[in-house]
Amino acid sequence: MALEKLDFMRYGRQMLVPEIGPEGQLKIKSSRVLVIGIGGLGCPVLQYLAAAGVGCLGAIDFDIIEMHNLHRQILYQEAQIGQPKVQAAQAALHQLNPHINYEFKAVKLTPETALDLIQGYDLVIDGTDNFATRYLVNDTCVELEIPLIYGSILNFEGQFSVFCHAGSKNLRDIFPDPPQPDSVPNCGQNGVLATLPGIIGMLMAQEALKLLMGLPVLRNEMVLFNTLDWNWTKLRF
């Protein structure tokens, strides 16, 4: 694979960054990234990775668009309520960048399907909203030795980390077992400000692009970000 004239025209400003250059852009173009969940986090992650020129973007989500999604899931429009998210998201992203390959699947990730769905990608990004799926994604990435970018959001607060990268730790090194579902607050019960998923999703996309280019990323660290008072905390684990 090589860069073409269109790549220089489209991503030229990005390639002017000394740490990126044509070599970094070629790494981005040659990459295969899978985003699991096209909700509040998955939408901005996919938008920025598509805009940056990731060569192949995969996505998994079996949900349909609902009215309550629209305030934060900005790939979708009210006229698309009832449509599968993968269908609407792929159409929107193709309008944004038709020059990359999209592998979107309206399927549910299960213990029986996880290996087949995740293998073959260079990086996985977890945009899910429940612990059962989060741990399944984590364990599958550990087994396949694929780096994983993790993020979560609630109210005004978000967190993100990088797992399974070059021998780094994973989710079970922080929390060995998933909590009981009814013991942990979630956006459906406790809410989230519309802009928060965009902020955290953008930071996850930033780490993704850095990782793909071989630049330094979080290692055995988790960033906690409270946007109400702009307080950052970096935890080591």
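- Looking only at distances, a side-chain donor or acceptor of H71 sits under 3.5 Å from a matching main-chain atom of V192.
- Applying the salt bridge (charged side-chain N to carboxylate O under 4.0 Å, His left out) test to every pair with at least one member in residues 83-95, sequence neighbours left out, gives no pairs at all.
- In this structure, Y48 places its OH atom where only 12 or fewer heavy-atom neighbours from other residues, nucleotides or ligands lie under 6.0 Å away.
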Just distance, no hydrogens or angles: give the donor-acceptor pairs under 3.5 Å from side chains in residues 13-20, sequence neighbours left out.
from, atom 1, to, atom 2, distance (Å)
Q14, NE2, Q25, OE1, 2.6
Q14, NE2, A52, O, 3.2

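- Of the inter-residue distances, the one linking L49 atom CG with S31 atom OG reads 9.5 Å to the nearest 0.5 angstrom.
- Y150 is linked by a ring-ring contact (aromatic ring centres under 6.0 Å, His included) to F163, counting only residues two or more places apart in sequence or in another chain.
- Summarising the hydrophobic clusters (Ile, Leu, Val, Met, Phe, Trp, Tyr; side-chain heavy atoms under 4.5 Å, direct or chained), the residues clustered with I74 are none.
- Listed by first and then second residue, the salt bridge (charged side-chain N to carboxylate O under 4.0 Å, His left out) pairs involving residues 46-64 amount to none (not counting sequence neighbours).
- Proximity of a side-chain donor or acceptor of R219 to a complementary backbone N or O of A166 within less than 3.5 Å is detected.
- Remark: the backbone N or O of T128 is paired with a side-chain donor or acceptor of R134 at under 3.5 angstrom.
- Taking F225 as the reference, W230, W232 meet the ring-ring contact (aromatic ring centres under 6.0 Å, His included) condition, with sequence neighbours excluded.
- The aromatic rings of Y135 and F131 lie tilted to each other, with the angle between the two planes from 30° to 60°.
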